[in-house]
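One structure is given here, and the rest of the page talks about it.
The structure presented is a predicted model; accordingly, all values stated were derived computationally and were not measured.
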Amino acid sequence: MRLTRTLRASAVCAAALLLAAACDSSGSGGTSATGLNPPDLKAPTKLGRTEGQVNLVAWAGYVEDGSNDPKVDWVTDFEKRTGCQVHSKVAASSDEMVKLMKTGEYDAVSASGDASLRLIASGDAAPVNTALVPNYKDVFSGLKNGAWNSVKGKMYGIPHGRGANLLMYDTAKVKPAPTSWSAVFDDASRYKGHVTAYDSPIYIADAALYLKATKPELKIKDPYALDQKQFDAAVALLKRQNANVGEYWSDYLKEVSAFKSGDSVVGTTWQVIANLAASEGAKVKALVPKEGSTGWSDTWMVSAKAKHPNCAYKWLDWIVSPKVNAQVAEYFGEAPANSKACAETSDKNFCTVYHAADESYWKKIAFWNTPIEQCLDGRTDVRCVPYAKWVQAWTEIKG
């Protein structure tokens, strides 16, 4: 079972990224960021002797050594095989990850999309020579050259895993079965007081994604690239939704409890939450609605100031190796990055449930990115609303 993970987008973008030109954040992988001009850092051409240790910043559940659960340990074998002793720091937010990486005390980080571009643009993350990571060749194509982990075709990390933000509903109380996010937006009054939503400013992107499909006159191309008119429309939709929301959730155990009790009957969720709720007796189903969904993709990035770069590269290859990547995916509750990991999962249906190899599924997911003034959809004739304003608006939305 995965540990609680707080996925909280940062309130303030790094200055370097705020000054950068537009970049593509079209959702699924295959389109590298354009327009960014990060420092001209070079990836190593070969690896040397390992340095004896590696210092990591990671989400809870990504670097397990058996201390949380004796049965969950992929660090010990890594240390034995490489001689690199692992020292890890669990970060509670992307903002904390960025701050920690700026200290130069850490060699690598498991960055989400709302942190990775900031690390690239500021020069805190170095390009990665994927040829020095043998297991990279087996990473799903949809995770390579993504808008959140590459610039102009140059990879800045090794993909770790991915997940979608789904629509979950109580099958006994929500009829007919919903196929659209309208269930939590335009039709939310049908379930007044029993709608739930993810408690983060990044949830504004979910509203924008719905408006992209239902209000074409707004001309929204990217839910993370909103000009003032588009942003105001998304905020207005969320303020109307607020009257019907019973609870905003950030702790997945509370969402499970709310669906079991009936306090919540429809709202945003993760696959791991839907699985747990169903296993505990809740009559729920979860899906990607017809408008698509937002989601996350995490990338292991190497610090430009890494004191132990050889051990860092060994870790990148280890964490994405089939057996280990399968262990992490099952423990954490996400789709693995390595295509061969599916053969290593203890639950042989795991990758089917998490759509690990279904690239058509992931093309419907708009992976998290950090909104900046330079519109991420490539527009240059307007300014987009930066994330700091999203944070302010979220406070107003919740009242």
Practice task
Anything under 30° is parallel, anything over 60° is perpendicular, the rest tilted; go ahead and classify F185 against W181.
Solution key: tilted
Handout entry: K307 side chain vs G104 backbone, donor-acceptor pair below 3.5 Å
Key = yes
Problem - Cation over ring face, K144 and Y136, 6.0 Å, 45° - result: yes
Exercise for the section: Assess whether side chain to side chain donor-acceptor pair (under 3.5 Å) is satisfied between Y203 and N165, documenting all intermediate values. Expected result: CA-CA 10 Å; Y203 184 64; N165 296 316; over 6 Å; no
Handout entry: N135 versus S321, side-chain donor and acceptor atoms under 3.5 Å
Key = no
Practice task
For S264 and E255, test the side chains for any donor-to-acceptor distance below 3.5 angstrom and give the result as yes or no.
Solution key: no
Handout entry: Lys/Arg cation over aromatic Y169: K285, 6.0 Å, 45° cone
Key = no
Exercise for the section: Find out if a path of hydrophobic residues (ILVMFWY) with successive side-chain heavy-atom gaps under 4.5 Å connects V90 to Y331. Expected result: no
Handout entry: Exercise: do D298 and Y62 side chains pair donor with acceptor under 3.5 Å
Key = yes
Problem - Test side chain to side chain donor-acceptor pair (under 3.5 Å) applied to W394 and D199, step by step - result: CA-CA 9 Å; W394 187 243; D199 189 3; 3.0 Å; yes
Exercise for the section: Identify whether the distance between the nearest side-chain nitrogen and carboxylate oxygen of K340 and D138 falls below 4.0 Å. Expected result: yes
Exercise for the section: Could you tell me whether a side-chain N or O of D107 sits under 3.5 Å from a main-chain N or O of N55, the two making a donor and an acceptor? Expected result: yes
Problem - Side-chain donor-acceptor contact under 3.5 Å, S360 with D358 - result: yes
Fill in the blank from the handout: Of W270, W362, W148, Y198, the one forming a ring pair (Phe, Tyr, Trp, His ring centres under 6.0 Å) with W296 is W270
Exercise for the section: Report yes or no: do W59 and S112 form a side-chain donor-acceptor pair below 3.5 Å? Expected result: yes
Exercise for the section: Could you tell me whether D222 and K212 have a side-chain N and a carboxylate O separated by less than 4.0 Å? Expected result: no
Practice task
Classify the ring geometry between F78 and W315 as parallel (under 30°), tilted (30 to 60°) or perpendicular (over 60°).
Solution key: perpendicular
Problem - R162 bridged to E359 by N-O distance under 4.0 Å - result: yes
Handout entry: NZ/NE/NH1/NH2 to OD/OE distance under 4.0 Å, R379 and D377
Key = yes
